[in-house]
Amino acid sequence: MSTDQPTDYRATLNLPDTPFPMRGDLPKREPGWVKQWEQQGTYQRLRDARVGRPRFVLHDGPPYANGQLHIGHALNKVLKDMIVKARQLAGYDALYVPGWDCHGLPIENQIEKLHGRGLGRDEVQAKSRAYATEQIEQQRADFKRLGVLGAWDQPYRTMDFGNEAGEIRALKRVMERGFVYRGLKPVYWCFDCGSSLAEFEIEYENKSSPTVDVAFLAAEPQKLAAAFGLPALAKDAFAVIWTTTPWTLPANQALNLNPELEYALVDTERGLLLLANALVEKCLARYGLAGTVLATTAGQALEGLEFHHPLAHVHPGYARRSPVYLADYATAEDGTGIVHSAPAYGVEDFNSCIAHGMKHDEILNPVQGNGVYAAELPLFGGQFIWKANPLIVQALQDAGRLMATAKLEHSYPHCWRHKTPVIYRAAAQWFVRMDEGEGVFTVDKAPKTLRQTALAAIDATAFYPENGRARLRDMIANRPDWCISRQRNWGVPLPFFLHKVSGELHPDTLALMDRAAALVAQGGVEAWSRLDPREWLGEAAGDYAKSTDILDVWFDSGSTFFHVLRGSHAGAGRDDGGPEADLYLEGHDQHRGWFHSSLLIACAIEGRAPYRGLLTHGFATDGQGRKMSKSLGNTVVPQSVSEKLGAEIIRLWVASTDYSGDLNIDDKILARVVDAYRRIRNTLRFLLANTSDFDPATDAVPDEQLLEIDRYAIDRAAQLQAEILAHYEVYEFHPVVAKLQVYCSEDLGAFYLDVLKDRLYTTAPKSLARRSAQTALHRITGAMLRWMAPFLSFTAEEAWPIFAPGVSPSIFTQTYTPFAPPDAARLDKWARVREIRDAVNKEIEAVRTAGAVGASLQATVAVGAPADDLALLQSLGEDLKFVFITSAATAAAADALTVAVTPSSAAKCERCWHYRDDVGADPAHPTICGRCTNNLYGAGESRTVA
């Protein structure tokens, strides 16, 4: 061989090469993958790949079709997508049919903002349907951009005619089971909505309210005296009440006292005051009065006594009496021990008055749906109730009936949507009954109450995290009957005909509901609105009024298990007799929302929950844990993050954060996520580059021929995979991301790949030594791509055709890499080798810092070790130096582990950079060592361990 031209030994190395770029360039490239998934019909290919496999159904809690997606939407959809993909890779036929909630008040409000309040019902419905359609298109594009795979070409929408009809059929079934009734009772009422609200549409915020102590003049002083064992009363006597709602006093109809409490008659300069004996001292202090207790008696003795309304002498419209009713909810904890009762505006007041014989048509209800008193109400007609509060306080003051007033900050119910205070207001509404009672048109009465069935269903449901169980249980255990009717335009109708005189339902109601469902299935809810009752009822139509109420929007989404999974998406349902969905997943606020309504409807219809598991996540908050708001300027817009960093970074943020609490996000947090992404990507790139010339079909080395360290690396991957799949089984992702990062940096980067580089680069391309390494790397890469695919979906899909060209168009048609059980003894052995190696590296670093050596290959290491460690190190033979990445390494007996590092005196090989005595031993190759000469021109070196 001629030596005139120096050999370029770098060209003889097996240097890594891959088309997988170091920079992800995610913002530019991700939209292309989204388009590719769509064009290739990737979701359908995933379904085709799982034909006949067990199904996994995550039923989508429909987001509201109103407004641009925010980071909370992104968090929710990405988490769902990760779970579905993880189950798909586990071999399940993992279905995901996205949905949208399309009816209800928020959309009506938008139509009012855009077009004014004067629209007719038909026009509101037409414009609402068009608006929801437009919103869905915008949101769908944003969800796809996040890398979410699903049946985007066939989503479910609650406003689809079939689903609207299905909801009517679900209502009919709930009625047949005996749970639906109509009644006049106080329900939460929002003036901004102009409608009743359900319990789970309420949130509690602080509110400042005026408190008043008000005196009711005794109408029967002689009877009052007798009740206290007195011969007569020397002064006017007054029952004093305390309330935080002065606006309810114009509708007062009774007073409630506790039969078990002791009440006192107190002599003061303002008359004789009837108060709970335990509260006399506090009350007198509040009134600025001195007083003497004349006598006491039990509340039981005061039943039936009557008192004048406090404004009776001011206006004849209030010339009525308030009888004393006995009720346990009057207590001596605060106030006066006497509760004023306005049955139209309080559930307990209503129940007490009805229990004492008051008829529905006797209940005073002067507050209209907009919060304004009816014009005919004396003194305050036409006033908005919150503005009327000070007027009422002043009227009581002027009438001499105000004992005290103050301001109170307290927790008060507010509308979930409008954030404005609500009231209880009596209205004729339709209810789903929680406890025993009769329903309308019961056909096959359920064997248990809805509350009993729902509580049992909660016990049979898996919760992630577990604390969600107690939260939902408490809500179900304490909730009142569910008011399901609303007085709005855009929603699914309660398709009833009510007798104009008796208020009773038409005797053929169930059959008419079937006709209504068929009508709506053909023409949507608009068809019911346009229906002339004469078409169905003939001559009897004049006796009946067609209901204009719509169903609570929570009935829309809560009934989707019934008419979506079994109806419009029957293929997404289950045929094993179990609940329809394996999992419902939403933010923890849905314990009072979708989880809640779905549970009640499913229990009413089927006697069980519609889900096997419930998963809840926290809210997206800023870096300091604060709620995001435009006023604080701390919002993170997912579309902007995708454009700047890539949707993959949003996905990795979701995966790496513990969703059981709130998830903090800001620019600094995203920067850390970007760093984590780069580390994972760089590791993946190294793996792909070093297997680019490896074909597993022809090049794979049988397990029994693999080098020991390669077997260990496969064992370690198998061990990690078992941990990862266990996390995926319970829908945990942040431990997976954490372990994957540690695996990339420590198991691979700092150990295995570090040790492997010499063998990969310097041995013959097709040698057993190199192919053994590549066999392990290929299996590790395939496994790792599958581990990361649920959350780093774009990156995994990008790498997949490079890793496995021509195998399949998507990694998600694959399943997790099968591994044999890891060898525990081998894992323990190499764990100890790594510990010793760390000790060696520490000593090498100390010598390097002192300037005695440069790279670790310049070092010669002598390790002293006790018997067990010595046997372990000696088992590595000549390959010990490759494990330590030094040019020479020896091990000898010692009482304790010792490490001696000295600089090598040998020459450095130009090709492998090892310092060896045989550099130049072959005159034809004077700058390289005998090992490299053998690898290049001979039979190749023999490796057994590393």
Side-chain angles (χ1 to χ4, degrees), residues 18-21 24-53 55-58 60 69 74 77-78 80-100 136-156 569 571-572 639 642-643 646-652 681 684 688 692 696 781-817:
T18 177
F20 187 76
D25 210 7
L26 297 171
K28 290 182 180 178
R29 302 176 67 209
E30 285 173 344
W33 290 314
V34 171
K35 189 175 182 180
Q36 181 177 305
W37 283 337
E38 196 166 350
Q39 290 174 341
Q40 293 181 350
T42 295
Y43 179 75
Q44 187 54 49
R45 290 190 180 199
L46 305 190
R47 303 284 59 74
D48 295 342
R50 293 291 184 272
V51 171
R53 296 293 300 162
R55 282 188 167 163
F56 175 82
V57 180
L58 188 155
D60 193 25
L69 297 190
K77 271 294 193 288
V78 166
K80 289 174 178 173
D81 185 58
M82 295 192 308
I83 286 173
V84 171
K85 285 173 176 170
R87 281 292 192 265
Q88 175 79 13
L89 286 160
Y92 288 90
D93 183 8
L95 301 150
Y96 179 63
V97 179
W100 272 276
I136 287 170
E137 288 308 308
Q138 174 185 307
Q139 291 186 4
R140 174 161 38 195
D142 284 346
F143 282 138
K144 287 182 183 178
R145 177 66 185 84
L146 291 168
V148 178
L149 284 175
W152 292 112
D153 58 341
Q154 195 193 9
Y156 78 86
H569 291 86
Q639 295 84 350
S642 294
E643 289 172 8
E648 197 83 314
I649 302 306
I650 296 176
R651 297 181 66 89
L652 186 54
R681 185 180 181 91
L684 180 59
L688 291 170
S692 60
T781 307
M784 183 171 150
L785 280 172
R786 292 164 170 87
W787 302 338
M788 60 189 267
F791 49 92
L792 293 179
S793 297
F794 289 118
T795 305
E797 283 284 67
E798 177 191 4
W800 178 248
I802 297 171
F803 170 74
V807 173
S808 68
S810 173
I811 191 173
F812 297 108
T813 62
Q814 303 298 299
T815 54
Y816 294 117
T817 301

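Note that the numbering runs from 1 along the sequence shown for the chain.
Judged purely by atom type and a 3.5 angstrom limit, Arg145 has no side-chain atom pairing as donor or acceptor with the backbone of Pro31. A donor-acceptor pair under 3.5 Å is absent between the side-chain atoms of Arg651 and the main chain of Val78, judged by distance alone. Looking only at distances, a side-chain donor or acceptor of Arg45 sits under 3.5 Å from a matching main-chain atom of Gln40. In terms of modelled atom types and a separation under 3.5 Å, the side chain of Glu30 and the main chain of Ala647 share a donor-acceptor contact. When atom types are taken as modelled, the side chain of Glu797 and the backbone of Trp33 share no donor-acceptor pair closer than 3.5 angstrom. Side-chain N or O atoms of Glu643 include none that pairs as donor or acceptor with a backbone N or O of Pro27 at under 3.5 Å.
The residue from Arg53, Arg50, Arg55 that alone fulfils the salt bridge (charged side-chain N to carboxylate O under 4.0 Å, His left out) condition with Asp93 is Arg55.
A donor-acceptor pair shorter than 3.5 Å cannot be found between the side chains of Ser810 and Thr42. Donor-acceptor pairing under 3.5 Å is lacking for the side chains of Trp787 and Thr817. For Gln138 and Asp142, the side-chain atoms include no donor-acceptor pair closer than 3.5 Å.
For Tyr816, the OH atom counts as densely surrounded, since its 6.0 Å shell holds more than 12 non-hydrogen atoms of other residues, nucleotides or ligands. For Arg47, the CZ atom counts as densely surrounded, since its 6.0 Å shell holds more than 12 non-hydrogen atoms of other residues, nucleotides or ligands.
With sequence neighbours excluded, the residues forming a ring pair (Phe, Tyr, Trp, His ring centres under 6.0 Å) with Trp37 are Phe794, listed by chain and number. Every residue meeting the side-chain contact (heavy atoms from CB on, under 4.5 Å) condition with Val84, not counting sequence neighbours, appears here in chain and number order: Leu58, Ala94, Tyr96.
Rounding to the nearest 0.5 Å gives a distance of 14.5 Å between CD1 of Ile83 and CD of Gln88. Put simply, CG on Leu792 and CG on Leu684 are 9.5 Å apart, with the number rounded to the nearest 0.5 Å.
When all heavy atoms are compared, the tightest approach of Lys77 to Val148 is O-CG2, 4.0 Å.
Salt-bridge formation is detected for the pair Arg681/Glu798: a Lys NZ or Arg NE/NH1/NH2 atom is positioned less than 4.0 Å from an Asp or Glu carboxylate oxygen.
Side-chain contact between Leu95 and Phe56 is absent, with no heavy-atom pair separated by less than 4.5 Å.
Ring orientation note: the planes of Trp100 and Trp152 are tilted relative to one another, at an angle of 30° to 60°.
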